[in-house]
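This structure is a prediction, so every number in the text was calculated from the model and none was measured. As a basis for the values below, the full set of heavy atoms in this structure was taken, side chains included, without hydrogen atoms, waters or symmetry mates. Each chain gets a letter, A, B and so on, in the order the sequences are listed, and its residues count up from 1.
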Amino acid sequence: MPELPEVETTRRGLAALLTDRFIVGWTIRNPNLRWPVQLPAQLRGGRICGVRRRAKYLIVEVIGASHAAAVGERGALIMHLGMSGNLRVLPVETAPGKHDHLDIVLSGALLLRLNDPRRFGSVHWQADPVEEHWLLRKLGPEPLSTEFSGAYLKARARRRRVAVKNFIMDGQIVAGVGNIYASEALFLAGIRPTTRAGRVTLLGYERLVAAIRQVLEQAIALGGTTLRDFVDQDGNPGYFKQSLNVYGRDGLPCPRCATPLKGVRTGQRATVFCPKCQSAQSFSGRRC
DNA sequence: ATAGTCACCTGAGCGC
DNA sequence: TGCGCTCAGGTGACTA
């Protein structure tokens, strides 16, 4: 699935192609995504004025232009790619394939096509203010924003007994940190994923915040991580997989100290760490 | 409020 | 080649 860097990669590709196009219509071949897909009539004729990202949601901003009543009315398509989704901009005549659930037909003889085998993705319409949508309302700060800091995490972690890995994957704590990058960031910060969130020190959280930023920024620069099926809007894979230190490397040597990496499960998710480099001590942050 | 589990769905990979 | 099992990049809803 797409995590934040993959969504950001998709966003960058889409923004250039979608901005200033008009929505001519749409075809919903299978509305049964995570929530039933329903698009309002007022969307027709709207002009796309930008593509933003919030957590792993893509926000396609639309300004009404068709009917007198809708002119100037703003809103957005809020799209999530789930575990297996991808969005492409294609010539309007491109025949749909398996799992092509939704096309948004655009001016310029193009369409925005959503493909999602597992159908864990979603598409919603929300009139302004878009941030008031129930899926976005409770999200924590963006990990690449200045609001996200070691002090913030330390404060939120007070009395929390969950594993720190689950803690940073909680979208209400910080938005958009998924399984790959949580694992990678904890490795870079030298913190054991199973450490209880309340026991990580301020120094540990400062290192963790720096590591999260580093790993996300580097992954975005490389076009994201392709494990099996992620492609950006041009159909290209991401190249961050070569940079993974621990994710998917259970039993293989630690890239730093060669100790075999250990795999466990925390919160139903596969978790891999180096038993030597990632300290089990509460004041984590140490490296070997 | 918090922590843990379940659910949604398809496809790939593995052992037999 | 086929069958059955496990696992997968997410995340809201439930349960204690």
Locate the shortest heavy-atom distance separating [X] from [Y]; write the atom from each residue and the value.
| X | Y | result |
| --- | --- | --- |
| A:Ala197 | A:Tyr205 | O-OH, 2.7 Å |
| A:Ala219 | A:Phe240 | CA-CD1, 3.5 Å |
| A:Val60 | A:Met79 | CG2-SD, 4.1 Å |
| A:Ser243 | A:Gln218 | OG-NE2, 3.7 Å |
| A:Arg192 | A:Ser279 | CB-O, 3.2 Å |

Checklist line | Integer angstrom distance from the P of C:dC3 to that of B:dC9 | finding: 23 Å

Check: Using the P atom in both, what is the distance from C:dC7 to B:dT5, to the nearest Å?
Finding: 15 Å

Assign [X] to base, sugar-phosphate, or nothing according to its heavy-atom contacts below 4.0 angstrom with the strands shown.
| X | value |
| --- | --- |
| A:Lys98 | sugar-phosphate |
| A:Tyr57 | sugar-phosphate |
| A:Arg119 | sugar-phosphate |

Atom-to-atom span, [atom1] of [X] to [atom2] of [N] - whole angstrom:
| X | N | atom1 | atom2 | value |
| --- | --- | --- | --- | --- |
| A:Leu139 | C:dG10 | CG | P | 14 Å |
| A:Leu81 | C:dG10 | CG | P | 11 Å |
| A:Arg54 | C:dT11 | CZ | P | 12 Å |
| A:Phe120 | C:dG12 | CZ | P | 13 Å |
| A:Leu136 | C:dT11 | CG | P | 12 Å |

Checklist line | Each stem that DNA chain B is part of, given as range with range (3 or more consecutive Watson-Crick or G-U pairs, under 3.5 Å) | finding: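 In DNA chain B, stems of three or more pairs: B:2-8 with C:10-16, B:10-16 with C:2-8.
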
Checklist line | A:Arg113 side chain vs A:Thr94 backbone, donor-acceptor pair below 3.5 Å | finding: yes

Check: Could you walk me through whether A:Leu33 and A:Leu114 pass the side-chain contact (heavy atoms from CB on, under 4.5 Å) check?
Finding: CA-CA 11 Å; A:Leu33 302 189; A:Leu114 173 67; 3.6 Å; yes

Notebook entry, point to check: By salt bridge (charged side-chain N to carboxylate O under 4.0 Å, His left out), which residues pair with A:Arg12, not counting sequence neighbours?
Noted result: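 Counting only residues at least two positions away or on another chain, A:Arg12 forms a salt bridge (charged side-chain N to carboxylate O under 4.0 Å, His left out) with A:Glu8.
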
Checklist line | All salt bridge (charged side-chain N to carboxylate O under 4.0 Å, His left out) counterparts of A:Arg52, not counting sequence neighbours | finding: A:Glu61, A:Glu131

Item checked: A:Asn115-A:Lys98 side chain donor-acceptor pair, cut-off 3.5 Å -> no

Next item on the list: Indicate whether any N or O donor in one side chain lies under 3.5 Å from an N or O acceptor in the other, for A:Asp232 and A:Thr9.
Entry: no

Item checked: Pair A:Arg137 + A:Glu132: basic N to acidic O under 4.0 Å -> no

For nucleotides 4-8 of chain C, print each protein N/O atom paired with a nucleotide N/O atom at under 3.5 Å, atom names and distance only.
unit_1 : atom_1 : unit_2   : atom_2 : d
C:dA8  : OP2    : A:Arg265 : NH1    : 3.3
C:dA8  : OP2    : A:Arg265 : NH2    : 3.3
C:dA8  : O3'    : A:Tyr247 : OH     : 3.4
C:dA8  : N3     : A:Arg118 : NH1    : 3.1

What distance separates [X] [atom1] from [Y] [atom2], expressed to the nearest 0.5 Å?
| X | Y | atom1 | atom2 | value |
| --- | --- | --- | --- | --- |
| A:His133 | A:Arg54 | NE2 | CZ | 14.0 Å |
| A:Leu188 | A:Gln278 | CG | CD | 9.0 Å |
| A:Arg74 | A:Cys49 | CZ | SG | 5.0 Å |

Notebook entry, point to check: For A:Tyr247, which residues count as a ring-ring contact (aromatic ring centres under 6.0 Å, His included) partner, sequence neighbours excluded?
Noted result: none

Check: With sequence neighbours left out, which residue pairs that include part of residues 22-58 of chain A fulfil the ring-ring contact (aromatic ring centres under 6.0 Å, His included) condition?
Finding: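 Output for this query lists A:Trp35-A:His124, A:Trp35-A:Trp134, A:Tyr57-A:His80.
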
Margin query: Applying ring-ring contact (aromatic ring centres under 6.0 Å, His included) as the test, list every pair that has at least one member in residues 144-171 of chain A; sequence neighbours left out.
Written below: none

All N/O pairs under 3.5 Å across the protein-nucleotides 14-16 of chain C interface:
none

Margin query: Quick test of your reading: applying salt bridge (Lys or Arg N to Asp or Glu O under 4.0 Å), list the pairs with at least one residue in residues 240-253 of chain A, sequence neighbours left out, ordered by first then second residue.
Written below: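 Listed by first then second residue: nothing to list.
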
Next item on the list: Heavy atoms of chain A, cut-off under 4.0 Å: which first and last nucleotide of DNA chain B, 5' to 3', fall inside that, if you could look?
Entry: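 Result: B:dT2 to B:dG11.
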
Next item on the list: With a 4.0 Å heavy-atom cut-off, tell me which residues in residues 162-171 of chain A come close to DNA chain B, sorted by residue number.
Entry: A:Val162

Checklist line | Sub-4.0 Å heavy-atom contacts from residues 211-220 of chain A onto DNA chain C, ordered by number | finding: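 Correct list: empty, so none.
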
